[in-house]
There are 2 protein chains.
Amino acid sequence: MLGKKAADAFPGLDEFLCFSIYSTGHAFNQIYRPLLDKLELTYPQYLVMVSLWGGDGQTVKELGAQLSLDSSTLTPLLKRLEARGYLSRRRDTQDERQVRLVLTPEGQALQQRAREIPACVAREIGLKKEDYHTLQRLLGEVRERLTKSAE
Amino acid sequence: MLGKKAADAFPGLDEFLCFSIYSTGHAFNQIYRPLLDKLELTYPQYLVMVSLWGGDGQTVKELGAQLSLDSSTLTPLLKRLEARGYLSRRRDTQDERQVRLVLTPEGQALQQRAREIPACVAREIGLKKEDYHTLQRLLGEVRERLTKSAE
DNA sequence: TGAGATTTGATCGCGCGCGATATAAGACTG
DNA sequence: CAGTCTTATATCGCGCGCGATCAAATCTCA
């Protein structure tokens, strides 16, 4: 016997990269939840707000391209953010197919209240700067290849 | 001016490690979908099957510990797998609180049909072995720290 | 200009995740 | 051995993700 596995053995869960990502994603959610509860945001809603804080007036399509989400996910989510008073959805007057997303003053102000979150999360992660960048780079490579071969 | 950011600027989405993981997770889903469609499995259902192929007779609790999922997620998922004929759910005769998960012959046989999937996905990822292990190690570190500080 | 193709967003259905709660079986304690 | 506590699973409600479909606005080009 050269190894402990039978020839037809399936790998264990721990060997799957996809599972590492899947479960680490869940772990992130748990960390974010208490921080975001104060702002009455879910985690995907927070990502949308981060994108809009980086620049308002985007269309749903443009936002979706950043987040890799389409209107079937975004429309209801954006309506909830609108209902909470954080943004408004306005049909573009030039091209009425498009909906532009504009932060309300309250949505702008939320940025200040969210300010400690990134540092707070970074502290919980506790990776060395170098490892952090390595991780970002490798994840970026994986994502790029997967999205390319999925097209 | 020392930098291009205002003092109160929020980081961009691309700087968030959580976002890299979030979107890479979605990309994995897209890759798995066509492969799993043939087996009539969703991605979380596939993870459950992988765990059971590694050894059945587990309780729901034990399975949940591996996947970081609790009964509110697993019970309906397991019922769907049972309805498809891949496993059976049996109350433990010693301790009737527990439900033990046992693969049916069809569930066992599915392993053969799923056999090419890991290699197929690995090919799509296309990372060097060393990078793959680095990624696994760093994700493991992050997950461990996050789950510890969330407890 | 007018018929068909394309683009944008909205809607629907279903399967996760997960917090909160319920129920039932088992363990513990006085 | 009765009352209480704990544990394992189930149920409910809500918010994503996403494939499929639809409606309206815009574009194309004969």
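Just so we're clear, the structure is a prediction, and the values are computed from it rather than from any experiment. Lettering of chains follows the sequences in order, A, B, ..., and the numbering in each one begins at 1. What you see below is based on every heavy atom in this structure, not just the backbone, and it leaves out hydrogens, waters and symmetry mates.
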Under the side-chain hydrogen bond (donor to acceptor under 3.5 Å, both in side chains) rule, collect the residues that match up with [X], sequence neighbours excluded.
X	value
Glu141(B)	Arg137(B), Arg145(B)
Ser88(B)	Arg90(B)
Arg97(A)	Asp95(A)
Ser149(B)	Glu124(A)

### Query
Hey, what's the ring geometry for Tyr46(B) with Trp53(B), parallel, tilted or perpendicular (30° and 60° as the breaks)?
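Aromatic pair Tyr46(B)/Trp53(B) classed perpendicular.
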
### Message
Checking contacts here: which listed nucleotide (dG17(D), dC18(C), dT26(D)) is nearest the side-chain heavy atoms of Glu96(A)?
### Response
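Looking only at heavy atoms from C-beta outward on Glu96(A), the closest nucleotide is dT26(D).
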
#### Entry: Pairs satisfying salt bridge (charged side-chain N to carboxylate O under 4.0 Å, His left out), at least one member in residues 61-83 of chain A, at least two apart
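Applying salt bridge (charged side-chain N to carboxylate O under 4.0 Å, His left out) to every pair that reaches into residues 61-83 of chain A, excluding sequence neighbours, yields Glu82(A)-Arg89(A).
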
Checking [X] side chain against [Y] main chain: does a donor-acceptor pair fall under 3.5 Å?
X	Y	result
Arg143(A)	Ser23(B)	no
Gln66(B)	Leu63(B)	no
Gln58(B)	Leu101(B)	no
Thr104(A)	Tyr86(A)	yes
Asp56(B)	Leu103(B)	yes
Thr75(A)	Ser72(A)	no

### Pairs satisfying ring pair (Phe, Tyr, Trp, His ring centres under 6.0 Å), at least one member in residues 129-151 of chain B, at least two apart
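Every candidate ring pair (Phe, Tyr, Trp, His ring centres under 6.0 Å) pair involving residues 129-151 of chain B fails, so no pair, neighbours aside, qualifies.
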
Please report, rounded to the nearest Å, how far the [atom2] atom of [N] is from the [atom1] atom of [X].
X	N	atom1	atom2	value
Leu63(A)	dG17(D)	CG	P	13 Å
Ile31(A)	dC18(C)	CD1	P	13 Å
Gln98(B)	dT7(D)	CD	P	13 Å
Asp70(A)	dG19(D)	CG	C1'	9 Å
Gln94(B)	dT9(D)	CD	P	15 Å
Leu67(A)	dC18(D)	CG	P	11 Å
Phe28(A)	dC18(C)	CZ	P	14 Å
Asp92(A)	dG9(C)	CG	P	9 Å

### Message
I'd like to know whether CD of Gln108(A) has more than 12 heavy-atom contacts from other residues, nucleotides or ligands below 6.0 angstrom.
### Response
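Atom CD in Gln108(A) is packed in, count exceeds 12.
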
### Message
Suppose we screen for ring-ring contact (aromatic ring centres under 6.0 Å, His included). Which residues come up paired with Phe16(A), at least two apart in sequence or across chains?
### Response
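Here no residue qualifies.
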
Are any protein N/O atoms closer than 3.5 Å to N/O atoms in nucleotides 21-23 of chain D? If there are, list each pair with its distance.
none

Detail all sub-3.5 Å separations between protein N/O atoms and N/O atoms belonging to nucleotides 10-14 of chain C.
{"residue": "dA10(C)", "atom": "OP1", "partner": "Arg89(A)", "partner atom": "NH2", "Å": "2.5"}
{"residue": "dA10(C)", "atom": "OP2", "partner": "Thr75(A)", "partner atom": "OG1", "Å": "2.3"}
{"residue": "dA10(C)", "atom": "N7", "partner": "Ser71(A)", "partner atom": "OG", "Å": "2.7"}
{"residue": "dT11(C)", "atom": "OP2", "partner": "Lys79(A)", "partner atom": "NZ", "Å": "2.6"}

### Message
Is the distance from the ring center of Tyr22(B) to that of Phe28(A) below 6.0 Å?
### Response
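Ring centres of Phe28(A) and Tyr22(B) not closer than 6.0 Å.
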
### Query
Looking across every strand, which nucleic acid part, if any, lies under 4.0 Å from Glu62(B) by heavy atom: base, sugar-phosphate, or nothing?
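No contact.
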
### Message
Nearest heavy atom decides the nucleotide; on that basis, is Thr93(A) or Leu69(A) closer to the 5' end of DNA chain D?
### Response
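The residue mapped nearer the 5' terminus is Leu69(A).
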
### Query
Going 5' to 3' along nucleotides 1-7 of chain C, which nucleotides have protein heavy atoms under 4.0 Å from the base (write B), which only from the sugar-phosphate (write S), and which from neither (write -)?
------B

### Query
So what stems show up for DNA chain D if we need 3 or more Watson-Crick or G-U pairs in a row, all under 3.5 Å?
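Ordered by first number, the stems with DNA chain D (at least 3 consecutive pairs each) read C:1-30 with D:1-30.
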
### Query
Are any of Tyr22(A)'s side-chain N or O atoms less than 4.0 Å away from OP1 or OP2 of dG17(C)?
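Yes.
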
### Task
Please check the phosphate of dG19(C) (OP1 and OP2 only) for any side-chain N or O of Gln30(A) closer than 4.0 Å.
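Affirmative; the distance criterion is met.
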
### Message
So Thr42(B) and Leu36(B), do their side chains get closer than 4.5 Å, heavy atoms only?
### Response
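In short, these two side chains do not touch, never coming nearer than 4.5 Å.
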
### Task
For DNA chain D, determine which residues of residues 32-50 of chain B have any heavy atom closer than 4.0 angstrom to one of its atoms, and list them numerically.
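Nucleic-acid contacts, sorted: Arg33(B).
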
